[in-house]
Novice: 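I have a structure I would like to understand better, so I am pasting it below and will then ask my questions one at a time.
Read the numbers this way: they start at 1 and go in the same order the structure lists the ligands and their atoms. All figures in this text were calculated on a predicted structure; none of them were measured in a lab.
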Amino acid sequence: MNLIDLKNDWIKEYSLPMMIAGPCSAESESQMLETARRIKETNVQVPIYRAGIWKPRTKPNGFEGVGVIGLNWLKNVKQEYGFKTATEVANVHHVDAALKADIDILWIGARSTVNPFTVQEIAEALRGTQKTVLVKNPVNPDLALWIGALERLIGQGIYNLGVIHRGFSTYQKTKYRNNPNWQIALDFKSQFPNIPMLIDPSHICGNRTGLASITQEALNVGYQGAIIESHCNPDEAWSDASQQITPEVLAELIFNLKMRSPELGSFDGEMGRHRTLISDLDFQLIELLSQRMKISEKIGQLKKENDIAIFQPDRWKIISEYAVQKANETGMSQSFIEKVFKAIHEESIDVQNNIMIDR
Ligand code: PEP
Ligand code: MN
């Protein structure tokens with residue numbers, strides 16, 4: 001069996017978008033039950049309740065999860081309110097305890113996915129399980145590592161698989177806690193379109209305000225669902241307080257989501273025409289870029305013959321200012337055009353360098 005051939009029938013059991021919600025961490029039995037009760041009472045579709053039992057915290061000597069007792073609380077949540085349950089497993093002891101407690105869905109956290117030894121250990125401990133196993137992206141932007149983790153699971157006969165996109169660490173803080181880097185997740189999706197992909201807006205945003213739009217963006221590009229942190233008293237949460245939302249706010253978020261169908265359906269004809277036009281324009285873009293680079297080669301030759309430096313700041317200023325002006329005139333995003341032109345300029349410098357140093 002390989003990743004391409006996976007049937008992924010497990011997701012058919014759920015209506016889409018498939019939602020997993022619950023606190024970042026299990027803190028007490030009453031916190032777990034109250035959060036579950038309030039999610040249930042909102043009547044939105046949340047079939048699966050999440051809670052971290054063992055917590056990977058950045059610094060030591062803080063709260064690191066309640067441990068196995070929390071598994072009993074998850075069981076109670078299941079019994080009282082009928083949720084399926086989900087938790088993170090990061091080593092063989094976690095796996096044994098979670099399987100013994102009959103937790104329905106296990107996920108491998110972002111800090112574990114980076115480590116092939118850890119993933120292998122977890123995969124072996126889970127060998128042959130029918131449980132659904134979800135793999136979060138690794139904290140570093142490495143698609144192969146993410147795929148490798150799934151291959152290790154499949155290698156142990158674990159076939160009910162899915163992935164969670166929770167964003168990637170950056171040194172410089174941006175508006176996100178973890179940068180979504182959509183391209184990596186979309187590359188994953190295009191290689192393995194049949195593997196269910198969920199968005200984790202909580203760990204991408206790190207705050208409450210961005211959750212709804214990130215979740216909707218993910219559904220817009222074809223994700224199957226989301227895992228969102230919800231707590232009965234978010235401000236007092238023992239971990240990730242700033243990104244957790246009450247069950248009622250969660251319900252409103254879910255209520256406003258629009259699921260997007262993976263099939264084109266009746267739009268086929270119109271969509272087909274648009275796609276033909278896009279492909280044609282893409283072709284023209286590539287043709288134009290190729291012509292532009294050929295001119296750069298000629299310029300490189302002239303600069304070489306006359307011992308002139310490749311980078312001419314004044315010229316670059318004119319080019320980039322003109323591009324920005326045109327972007328504004330045509331209503332395109334300025335930062336997008338800046339990115340495109342920086343990339344073109346960088347390539348042009350490279351092309352000229354190839355001429356100068358005869359590479
Ligand atoms: C979590 O889901 O609570 C968690 C620890 O997530 P991540 O592994 O994405 O940091
Ligand atoms: Mn968390």
Novice: Taking the N/O/S atoms of His203 one by one, which is nearest to the Mn ion (ligand 2)?
Specialist: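 Restricting His203 to its N, O and S atoms, the minimum distance to the Mn ion (ligand 2) goes to NE2.
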Novice: In terms of residue, atom name and distance, what is the protein heavy atom nearest to atom 5 (C) of ligand 1?
Specialist: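 Of every protein heavy atom, Glu88 OE1, 3.6 Å lies nearest to atom 5 (C) of ligand 1.
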Novice: Counting both backbone and side chain atoms, is some N or O of Asp200 under 3.5 Å from an N or O of ligand 1?
Specialist: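 The answer is no, given that Asp200 and ligand 1 share no N or O pair closer than 3.5 Å.
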Novice: Could you check whether Lys78 makes a cation-pi contact with Tyr49, meaning its NZ or CZ is under 6.0 Å from the centre of the six-membered ring and within 45° of the ring axis?
Specialist: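 Lys78 over Tyr49 ring: no.
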Novice: For Ile48 and Met18, which heavy atoms make the closest approach, and how far apart are they?
Specialist: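 Closest approach of Ile48 to Met18, heavy atoms only: CD1-CE, 3.3 Å.
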Novice: Looking at every heavy atom in both Phe63 and Ala26, which two are closest together, and how far apart are they?
Specialist: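 In this case the closest contact between Phe63 and Ala26 is CZ-O, 3.7 Å.
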Novice: Show me which atoms of ligand 1 lie under 4.0 Å from any heavy atom of Arg111.
Specialist: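 Within the 4.0 Å cut-off of Arg111, ligand 1 contributes 7 (P), 8 (O), 10 (O).
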Novice: Quick one: nearest non-hydrogen protein atom to atom 4 (C) of ligand 1, plus distance?
Specialist: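 Checked against all protein heavy atoms, atom 4 (C) of ligand 1 sits closest to His203 NE2, 3.6 Å.
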Novice: Check all N, O or S atoms of Glu229 and name the one closest to the Mn ion (ligand 2).
Specialist: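 The Glu229 atom nearest to the Mn ion (ligand 2), restricting to N, O or S, is OE2.
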Novice: Between Asn2 (side chain) and Asp5 (backbone), is there a donor-acceptor pair under 3.5 Å?
Specialist: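 Judged by distance alone, yes, a pair lies under 3.5 Å.
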Novice: Compute the ring centroids of Phe188 and His165, then answer whether they are less than 6.0 Å apart.
Specialist: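 Ring centres of His165 and Phe188 not closer than 6.0 Å.
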Novice: Check whether any side-chain N or O of Glu27 sits under 3.5 Å from a backbone N or O of Trp238 as a donor-acceptor pair, and report yes or no.
Specialist: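 Yes; at least one donor-acceptor contact below 3.5 Å.
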Novice: What atoms of ligand 1 come within less than 4.0 Å of a heavy atom belonging to Gly109?
Specialist: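 It comes down to these atoms of ligand 1: 8 (O).
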Novice: Considering distance alone, does some N or O of Arg166 sit under 3.5 Å from an N or O of ligand 1?
Specialist: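 Arg166 vs ligand 1: N/O contact under 3.5 Å present.
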Novice: Using a strict 4.0 Å cut-off to heavy atoms of Lys136, name the atoms of ligand 1 that fall inside it.
Specialist: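 The atoms of ligand 1 under 4.0 Å from a heavy atom of Lys136 are 1 (C), 2 (O), 4 (C), 6 (O), 7 (P), 8 (O), 9 (O).
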Novice: Please assess Asp240 against Arg177 for the test salt bridge (charged side-chain N to carboxylate O under 4.0 Å, His left out), listing each intermediate value before the final yes or no.
Specialist: CA-CA 11 Å; Asp240 288 352; Arg177 177 176 174 195; 3.1 Å; yes
Novice: Can you sort out which atoms of ligand 1 are near Lys55, meaning under 4.0 Å from one of its heavy atoms?
Specialist: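 So the atoms of ligand 1 that pass are 1 (C), 3 (O), 5 (C).
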Novice: Using a 4.0 Å cutoff against the non-hydrogen atoms of Ala110, which atoms of ligand 1 qualify?
Specialist: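 Under 4.0 Å from Ala110, ligand 1 has these atoms: 8 (O), 9 (O).
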Novice: Hey, are Glu236 and His231 close enough side-chain-wise for a donor-acceptor pair under 3.5 Å?
Specialist: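 No, because no side-chain N or O of His231 sits under 3.5 Å from a partner of the opposite role on Glu236.
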Novice: Work out the angle at the Mn ion (ligand 2) between OD2 of Asp240 and SG of Cys24, rounded to 10°.
Specialist: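 Rounded to 10°, it measures 100°.
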